[in-house]
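Report on the following structure.
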Amino acid sequence: MGGVGISELLLLALILLLVVGPRRLPEVARTVGRWTRHARSAWVSLKSEFQEEMDRDHNRRILESEQAAKAPEAAEQAQHERRDDAD
């Protein structure tokens with residue numbers, strides 16, 4: 001749970017109970033739950049967008065390296081074709 005143990009959680013619950021009181025505690029807990037879900041979904045979305053961008057960059061680099069490897073071969077082939085046309 002992110003480094004929060006049961007004793008820390010109970011201490012936070014006790015402090016929250018003393019600060020907001022028993023009547024508002026369920027309402028506050030629901031609000032905190034909504035914020036937590038929203039923050040988690042935003043984090044997951046950010047992670048997936050970052051991973052997609054990293055994958056695109058990786059694929060682009062692979063494509064560029066393949067094209068760079070083929071470029072000398074294509075130039076050599078074009079040079080041979082020019083020689084054949086000249087003959």
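Counting heavy atoms from C-beta on, the side chains of H38 and R34 never come closer than 4.5 Å. Within the 4.5 Å cutoff, the side chain of W35 has heavy atoms near those of the T31 side chain. In this structure, R60 and D57 have side chains that are in contact, with non-hydrogen atoms separated by less than 4.5 Å.
Cluster annotation: L14 is not connected to L12 through the hydrophobic network of ILVMFWY side chains, with a link wherever side-chain heavy atoms come within less than 4.5 Å. L16 is connected to V32 through a chain of hydrophobic side-chain contacts under 4.5 Å among Ile, Leu, Val, Met, Phe, Trp and Tyr, so both are in one cluster. Taken together through direct or relayed side-chain contacts under 4.5 Å among Ile, Leu, Val, Met, Phe, Trp and Tyr, L25 and V19 form part of one hydrophobic cluster. Linking ILVMFWY side-chain heavy atoms closer than 4.5 Å, directly or via other members, places L9 and V20 in two distinct hydrophobic clusters.
Atom CD of E64 and atom CD of Q67 lie 7.0 Å apart (nearest 0.5 Å). For the atom pair CD (Q51) and NE2 (H58), the distance works out to 10.5 Å, reported to the nearest 0.5 Å. Put simply, NZ on K70 and OG on S65 are 10.0 Å apart, with the number rounded to the nearest 0.5 Å.
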Salt bridge (Lys or Arg N to Asp or Glu O under 4.0 Å) between R30 and E27, intermediate numbers included | CA-CA 5 Å; R30 279 190 294 272; E27 176 187 338; 5.9 Å; no
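Residue R56 places its CZ atom among more than 12 non-hydrogen atoms of other residues, nucleotides or ligands, all under 6.0 Å distant.
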